[in-house]
2 protein chains.
Amino acid sequence: METVADNQNVKTVKKLEKMFGHIDYRHPPELCPVRDVMSVASDQWSTLIILWLGYFPVLRFNKLKKFVYGISNKVLSQRLKVLEADGYIERNAYPEVPIRVEYSLTEFGQSYVEKLLELTEWMQANSPKVLANREKYGLL
Amino acid sequence: METVADNQNVKTVKKLEKMFGHIDYRHPPELCPVRDVMSVASDQWSTLIILWLGYFPVLRFNKLKKFVYGISNKVLSQRLKVLEADGYIERNAYPEVPIRVEYSLTEFGQSYVEKLLELTEWMQANSPKVLANREKYGLL
DNA sequence: TCATATAGTTACTTTTTGTAACTTACTCTT
DNA sequence: AAGAGTAAGTTACAAAAAGTAACTATATGA
């Protein structure tokens, strides 16, 4: 049953939406591009892949696998496919023997990696606080 | 077997590490605070919870559940616990009947939500490109 | 006495991930 | 000429995470 508070929140949301224009994430993913796109791009493995490709202009499958420590062939290959489909990375295969496949960021991927680096820097700076908090919480 | 290219990359990484000082994410999560902390904070559900708490200073369990469209009681309750443990949010329970529990961002959570909003804005601005790319890729 | 409300929890099912062995095709070694 | 090595994956199976829906406690109001 809707309460007065509910309606107030709904109004506030509408207002905020007008102000900011970017709070679509209250919708289910299939109706909300932001949720949809974000679920691919900020997946744990995807971010690591993209960050490494931000450092090295081109990396091959097995090299990437070494840098993205702990990823399996299966997941790496899956993620590379969706990241390619979404336009972040580029795949170039050279029919040598054995085959050589090079992955690199697209221009679009480059622009994303910059955002990602900011977040990573925040994480780097703040992870000690989180770890300390976690420890304190564990004692309660 | 290590190749020359391998060693070059390792050297380059070391160099980059000195320059940037924040590429710890090549380690496994249990040795890399950044990967560890990020896996909690940029989880899909966590980000939505934090974003909503960025809009509303305090939200109760069921209200949060309505905003974070599609989340289940189980996962919401799990995420709230770890977000509290990690110091992003605060839980305040009032022993009324029925019980009232209020969630809100800590100061630390506030600082994170700002970073998160930047990322969300980028997503909002760029999701059309991603969707277009995805469509084009689907036709290949 | 029975329905209502909040903030969860629990048992069970389904989906997603992880593991490790296998594949293909050619070249290099013995 | 047989066998090992190599890059970039794929596949079948096991384990973990997530989703589903019913259930709990406690007091209030009908």
Side-chain angles (χ1 to χ4, degrees), chain A residues 1-6 9 28-30 35-36 38-40 42-49 52-53 56 58-85 89-104, chain B residues 1-6 9 28-30 35-36 38-40 42-49 52-53 56 58-85 89-104:
Chain A
M1 194 186 292
E2 291 286 305
T3 67
V4 174
D6 276 323
N9 275 348
E30 59 281 16
R35 274 181 70 167
D36 181 357
M38 231 165 84
S39 74
V40 171
S42 34
D43 163 84
Q44 195 197 168
W45 294 122
S46 299
T47 60
L48 291 173
I49 292 168
W52 278 112
L53 287 173
F56 297 104
V58 9
L59 284 172
R60 296 170 62 178
F61 190 90
N62 283 316
K63 195 59 65 68
L64 214 30
K65 200 184 146 187
K66 274 179 202 159
F67 286 130
V68 181
Y69 196 101
I71 201 170
S72 64
N73 285 16
K74 190 181 95 179
V75 172
L76 178 52
S77 131
Q78 283 173 351
R79 289 299 182 283
L80 289 172
K81 268 179 205 154
V82 306
L83 289 176
E84 193 194 354
I89 68 172
E90 208 169 56
R91 178 185 187 276
N92 286 102
Y94 304 90
E96 304 169 356
V97 171
I99 190 174
R100 176 164 57 100
V101 180
E102 299 189 336
Y103 292 95
S104 52
Chain B
M1 194 187 290
E2 290 286 305
T3 67
V4 175
D6 276 323
N9 275 347
E30 58 281 16
R35 274 181 69 167
D36 181 356
M38 230 164 85
S39 74
V40 170
S42 38
D43 163 84
Q44 195 197 168
W45 294 123
S46 300
T47 59
L48 290 173
I49 291 167
W52 279 111
L53 286 172
F56 296 103
V58 8
L59 285 172
R60 296 170 63 178
F61 189 90
N62 283 317
K63 195 60 65 71
L64 215 30
K65 201 185 147 190
K66 276 180 202 160
F67 286 129
V68 182
Y69 196 101
I71 200 170
S72 66
N73 284 17
K74 191 181 94 179
V75 172
L76 177 54
S77 131
Q78 283 173 350
R79 289 298 182 283
L80 288 170
K81 267 178 205 154
V82 307
L83 289 175
E84 193 194 355
I89 68 172
E90 208 169 56
R91 179 186 187 274
N92 286 102
Y94 304 91
E96 304 169 356
V97 171
I99 191 174
R100 175 163 58 100
V101 179
E102 298 190 336
Y103 291 95
S104 51

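Below, read A as the first sequence line, B as the second, and so on, with proteins coming before strands; counting in each chain starts at 1. Atoms considered below: every heavy atom in the structure, side chains included; atoms not considered: hydrogens, waters and symmetry mates.
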Exercise for review: Could you run through nucleotides 13-30 of chain D and give me one letter per nucleotide, 5' to 3': B if any protein heavy atom sits under 4.0 Å from the base, S if only the sugar-phosphate is that close, - if neither?
Suggested key: -----BBB-----BS---
In this structure, how many angstroms lie between the [atom2] atom of [N] and the [atom1] atom of [X], rounded?
X	N	atom1	atom2	result
A/Glu102	D/dG9	CD	P	12 Å
B/Leu64	C/dG8	CG	P	10 Å
B/Leu59	C/dG8	CG	P	13 Å
A/Ile89	D/dA8	CD1	C1'	14 Å
A/Asn62	D/dT6	CG	P	11 Å
A/Glu96	D/dT6	CD	P	16 Å
A/Lys63	D/dG9	NZ	P	15 Å
A/Arg91	D/dA7	CZ	C1'	11 Å

Practice item. For side-chain contact (heavy atoms from CB on, under 4.5 Å), just list the numbers for A/Leu80 and A/Leu64, CA-CA rounded to whole Å, side-chain angles, deciding distance to a tenth of an Å, and then say yes or no. Key: CA-CA 10 Å; A/Leu80 289 172; A/Leu64 214 30; 3.9 Å; yes
Is there a side-chain contact between [X] and [Y], using heavy atoms and a 4.5 Å cut-off?
X	Y	result
B/Ile89	B/Tyr103	yes
B/Arg35	A/Tyr69	yes
A/Ile49	A/Ile71	yes
B/Asn73	B/Phe61	yes

Review point. Below 4.0 angstrom from OP1 or OP2 of C/dG8, is there any side-chain N or O of B/Tyr103?
Key: yes
Review point. Hey, is the side chain of B/Arg60 poking within less than 4.0 Å of OP1 or OP2 on C/dA5, counting only N and O atoms?
Key: no
Exercise for review: Please report the closest heavy-atom contact between A/Ser104 and A/Leu53, naming both atoms and the distance.
Suggested key: CA-CD2, 4.2 Å
Review point. Across the strands shown, which category fits B/Lys65 at heavy-atom distances under 4.0 angstrom: base, sugar-phosphate, nothing?
Key: nothing
Review point. Distance-only, no hydrogens or angles: does the A/Ser42 side chain make a donor-acceptor pair with backbone N or O of A/Ser39 under 3.5 Å?
Key: no
